[in-house]
Structures are given as structure tokens and as C-alpha cells.
2 protein chains.
Amino acid sequence: MKSVTLKDVAKAAGVSYATVSRALSGSPQIGSDTRERIIKLCDEMGYTTNYVARSMVMKKTDLIGLVVPSIDNQFMSELAYYAEMSARAHGYNIMLCNSGPDLKQEKTVVKILLGRQVDGILIVPQSPKTYENIKAYTDQVPTVFVSENLRDQPQSYVAADNSRGTYIGTKYLYDLGHRDILYFGRRHSTTHQLRAEGYMKACQELGLKQRFYNSEYSRSSIAHGYEMAKELFSHPIDYTAVFASTDSNALGLLKAADEMHISIPDQLSLIGFDNISATSLPRLELTTIEQPKRNMAIQAVDMLRDKIENGTQGYVHQILLPTLIKRSTCRAL
Amino acid sequence: MKSVTLKDVAKAAGVSYATVSRALSGSPQIGSDTRERIIKLCDEMGYTTNYVARSMVMKKTDLIGLVVPSIDNQFMSELAYYAEMSARAHGYNIMLCNSGPDLKQEKTVVKILLGRQVDGILIVPQSPKTYENIKAYTDQVPTVFVSENLRDQPQSYVAADNSRGTYIGTKYLYDLGHRDILYFGRRHSTTHQLRAEGYMKACQELGLKQRFYNSEYSRSSIAHGYEMAKELFSHPIDYTAVFASTDSNALGLLKAADEMHISIPDQLSLIGFDNISATSLPRLELTTIEQPKRNMAIQAVDMLRDKIENGTQGYVHQILLPTLIKRSTCRAL
DNA sequence: TCAGGAGTCGCAAACGTTTCCACTTTTTTG
DNA sequence: CAAAAAAGTGGAAACGTTTGCGACTCCTGA
């Protein structure tokens, strides 16, 4: 269990441990013969440099804190995957924290991460209030937000262009011949407000009537989409397509439609948003708008690295374009 | 960016920094009046203890390395969720690594984790060869494996009782009246061998004929399940139920069945394994065997903590019972 | 022969903690 | 009331590394 230190290999090599350190770090001020000898010896003795000691003197941990509401969520786990890959490729490691159900938890984990001396924090906010919640810490360490739109805040973030996503989607529906399109789902939270706006903008441009259906406290879940849709379908259906603010809600609506024998897409076209993995499943095949998760993750760690390594001040808002994924829940009229 | 240290608050409080350290750590050998004064001061000055310095002297990082083939995977992200929660509740943080596509990557990240001085490692193996692959490191740090069955290896692990899972499932099918049950999918890798064994045992006890269908290099994916199933259905269907070794494969089979107008469950009952989240989706509703992921995660970190904190030697094999989730792809004959 | 420079290498400080030991002050006890 | 015990505090070492600076060796050229 006792690991071998610099001092150990120094002793074995008959040099000072400064020399060993330099040999490993590729310092130019060292003989190439001794360097090789030492490197070989390190290998034999199974020496690996102790990162916590190193961090101590370098005042840099090469650690990035990743805080997500809960990693057990398609969007976030996918994001985490690419973030970790990209970070590691650049010599960083990821410290993972679930910011749990409430803001208190979120603040706690950020505090922990600070104590751990992470070089930067990547956070996907759990609510629009997150910014205020951790404001006190974001100036102590480079931070970039992912996926929640902080528009007016002086904070770096990368996000999908939600507004453009719904715009593209309704345009697609229009081109398919639909003239009565219902927007279904959440409208509060910045993200969902933007999605609604994209729909509204498209309607305006195309001369369509804007029609919304949502309950005040709607959440993005299949169960809730189902409940909402059952309520919705109890009224006459005087629209030919619905744009769900979220894939989960769309899936819930799908379930309700099945039960009520409303055929999708024959009677009703349906389009969602997020491209969660479930949408590509057999029997589902939901047409949707994809958030470019891979790019978001990569851009986010790039931004963070820039802040860390170059000390870049200020902030940048990186907006990525979503794309339409055509599957089989929409049909031409 | 410059954070406040022990020395800073010591100066402000007019005491030595040993005293401040003691006040914070709740040492008994300190006056309760000075303790309160110091704690209040720390709060005001926004002091948080530097964990890397602390780790240095304590020779303990309170860090657990979590290595998974890829976090963007239902099973693993869910596992990671519970593991992180449980770990943090006990004062540990999680360092996340994807062990990537190959064994080389897996070895690399384990090495990194060792350099980071993690107190322990939680690893879900990417292949049966994982054990051999990282053998050299597992005796340098407490390690527990998750979900791959290392039966004969002197290594701690927690896993679902795969064999029992398939046993329960086929028994269920039998009780429903099925007498011709086909086992569909992978059979190599320890896990899947065990699953196959459970099916075989049930068949033996119940006097059923064992029937297998699989391709040599089958993987657990919907696409592959689909391909296999198309091939399968090109032969006459002289069985009334199929047990898929994996939910993903089951879903692929479902898709093929739909295309060939084979009705499930009317013509064919279907049962999967894993209870991935997709199985509970509308239109799918796959009957399956659930791995108790939450329990697995919690047990795993408990085992690891025991090794870390109590220096427990030896190894334990923790086998958890899977449960049958009845949904709508099975019907009584 | 020797000054001086290039090329190597060692010494020691520093990073921010925790904790052992010693020391001072206060309290208890005989 | 003196001595011993207890309580509270400070000094300093230690953890394993990086790196500035000084020192040493060796060689070149005058």
C-alpha cells in the first residue's frame, strides 16, 4: 500500500530527487543519459507521480468539477460522457457531483468543489435560480454554465439555440402543409420561454394562429405529458399538429393518444424537442429537435480551459444550432 | 482568486494556526469560547479548508475513483447517480472516468486514478478481461467491481444474481402456460453465461426443452437484436415465448416482430433483462428482470468504505436478487 | 595555465494542512 | 497552601512535489 516516492527512486538512482523530478518533467537542463536511466528506473519501480503533492506546489489541480442536477438523466449523462473524454484528452480529470433536488444541495456541492481546489467548474443549472444561488462562488473559480440560458447574466455559457429549434420545427410542419399547430408544454424557465418564442416567431412569419396548451406547473416528464394530454384530448381537436416543448411530454402525449385511439401521425402530427435516446426506439420513432450535446460538451470544456489556462476574463455566450431529426410522427397533409 | 488560508484567519484571530485547525476539526482540547470566536471568524472571512493540503498530510483524499465503460449508458449513469449520492453522504467525492472503448484506455484511467491518490476504486468492467488487465493495480488500492461476475477471482464485487433472474423469468413464463421457450441473445461473457444457466436450470426442473438462438459475436444493442431477430423469424416459429438476454436485444426483436406482423404478446410472449428505462415507455411496456441498481451502488460503496476505513482484507462477493417486472409483453396461454 | 562559459546537478524553500510535543496557565486535590 | 493534574495554546515537523539559485565539472580558447 505504501507507494514509491521521488525520494525512493532518487536513492536508487544515486541522484537527488530534484533531478528525478526534472527527468520526468522533461526539463532541458539535464543529461540525456541520466534522464533515460532515471525514466527506466521509474518504470521498473512502478513510480507514478503523486498528484496531490504536485497540485500543492503547482497551485493547480487539473481538476474540473462537473455538477449536474442528476447524472441519471439522458441529456446529462451524454454530456458528461463527452465532457470527461474531452477534459481527459487535455490532461484534466472530472469530479462529479449531483446537485440533487434542491438549491441548497447545489450550493453545497459547489462549496465542496471549491474546497477541493478544482481549476474550474462546469455546471448545468438545476433551475433558473441557480445563477443567483452560486453567484458568491463563481468569481472565485472559472465557471461555465451549460444548457440553461442566462441571457442577461455576465456569465459564460454554452446552450442550444432553443428558439431557433422550435422555429425550424414549426417551419417544417408548415412545409408539410400544417396550418393549425398547437404548442404543448412548459413555458416558464428561460429555456422554455425561448422555445415558445421560436414557435411564436414562426407563426408570425407564416401567418399562423398561435395556440398554446400548458398547465402552470408542468414539468418535463412522460407522466405529466400524459396527464396534460388526456385533459387536452377531452376537448375537440381542431389542430393538425402539435409541437411538444419536450420529448418527454411528447411521449406522454403519444401514450394518451394511443389510449384514445387518436392516430399519430395519421390524425395528428407530433414533434418533440431534445432528441433523448428514447425517441429513436422502435414503435416510438419520434420526430424531434436535437440538441448538439457532443458539441456542447466539447465547447464547454474548451471555454473552461481557455479561462483556466489563459486567465481569460469576461464572458462568452456560445449558442449552438439544433437540428431537425425527421422520424415518423409527422406526415404531410 | 487568492483564497484565504489558515494562516490568514490565525493572524486575524491572534492565535496560532494550529489553534484554528483544532477549532475547525472539533478537537476537544480547545476552549469553547475561542472555538466559537474562531468559527465565526472563519465564516466571516469565507475560509474553506484546502483539501489538497489536507490530503497531503492525512494521506487520505476522501476520493473514490469511479470507472465505467461509458457513463452515457442507462445502467451506468443510474449506478453512478446512486454511488455519488451515497459516497458524498459519507464524505467522499467521485472522480469519474470513462474506460473508453478498449482495455488500454481502461488501464490508463486506473493509472491516473492511482496518481490522484484516490482512496478506492469502483469499477464496472468493460469486458471479462478487465480483471487481468488491471490486476497490477488492484492490490495497490481498495477496489470493488460492479456487475460483472468474477466468480473465481479473489476480488470483491457486487453483482445481480443473473442466473436467478433468468430462472425467475422462465418460471414465470411456465406458470403462464408456456412450454416452448426460446432463449435469445448473448451467451459469452460471464454475466451472460450465468443468465443462460438460469434458464437452463429452470428448463431442467420444469421438464422443458432448452432452445437457444444467438450469433457468436452478438452484442447488447437494439440494432443487433433487430438483425438477429429478422434472421430468427425467417424460420418457422415453433415456440410461444422468448427470453431475451438483454432488454436492448428484446427491443430489437420487438421491432423485427412488428415489421413481420408477429403480434407480441398475442402470438409471442417476450421478456427481457435489465429493466433499462426504455422498457417502461408507452408502446413498449416490456416485461423484464430488474437489476437492483440502487442497491448495487450503495452496497458497492459500503464495501469500498469498509475496505478503506477498516482496512478490511480479503474479498466478498455480494450477490443481489433481481426482481420480475411484469408489464405487457407476456400473456397467459 | 587559467578565466570563463556551458552543461549538470544538488540544496532548500515553498505549498497549506494536521498533529505531536512542550510549555504555560488554571484547576483540583491532599 | 503546595503540589499535581488538567486544560489550553504555540512551535515545528511532516506530507511529496517543483523550481530558483548556487555549485560543481569539464571543456574551450587565449
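All values reported here derive from a predicted model rather than from experimental measurement. So that the names make sense, note that chain A is the first sequence line, chain B the second, and so on, each numbered from 1.
More than 12 heavy atoms of other residues, nucleotides or ligands sit less than 6.0 Å from atom NZ of B:K60. For B:K40, the NZ atom sits in a loose shell: 12 or fewer heavy atoms of surrounding residues, nucleotides or ligands are nearer than 6.0 Å.
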Listing time: all N or O pairs from protein to nucleotides 20-22 of chain C that are below 3.5 Å?
unit_1	atom_1	unit_2	atom_2	d
C:dC20	N4	B:R22	NH1	3.2

Side chains of residues 46-53 of chain B: which donor-acceptor pairs under 3.5 Å do they make with residues two or more places apart or in other chains?
unit_1	atom_1	unit_2	atom_2	d
B:N50	OD1	B:V52	N	2.9
B:N50	OD1	B:A53	N	3.1

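Taken residue by residue, residues 36-45 of chain A places no heavy atom nearer than 4.0 Å to DNA chain D.
Within the helix from C:dT1-D:dA30 to C:dG30-D:dC1, the inter-axis angle between the opening and closing five-pair segments is 50°, rounded to 10°.
By the salt bridge (charged side-chain N to carboxylate O under 4.0 Å, His left out) test, A:D274 is found to be paired with A:R195, residues two or more places apart in sequence or in another chain being considered.
Heavy atoms of B:V15 sit under 4.0 angstrom from primed sugar atoms or phosphate atoms, though from no base atom. In this structure, B:T34 reaches the sugar-phosphate backbone alone: every heavy-atom distance under 4.0 Å involves primed, P, OP1 or OP2 atoms, never a base. As judged by a 4.0 angstrom heavy-atom cut-off over every strand, A:S21 is placed among the base-contacting residues. Within 4.0 Å of A:Y17, counting heavy atoms only, lies at least one base atom of the nucleic acid.
Within the structure, salt bridge (charged side-chain N to carboxylate O under 4.0 Å, His left out) contacts touching residues 85-114 of chain B (residues at least two apart or in different chains) are B:E84-B:R88.
For B:T143 (side chain) and B:V141 (main-chain N/O), a donor-acceptor pair under 3.5 Å exists by modelled atom type.
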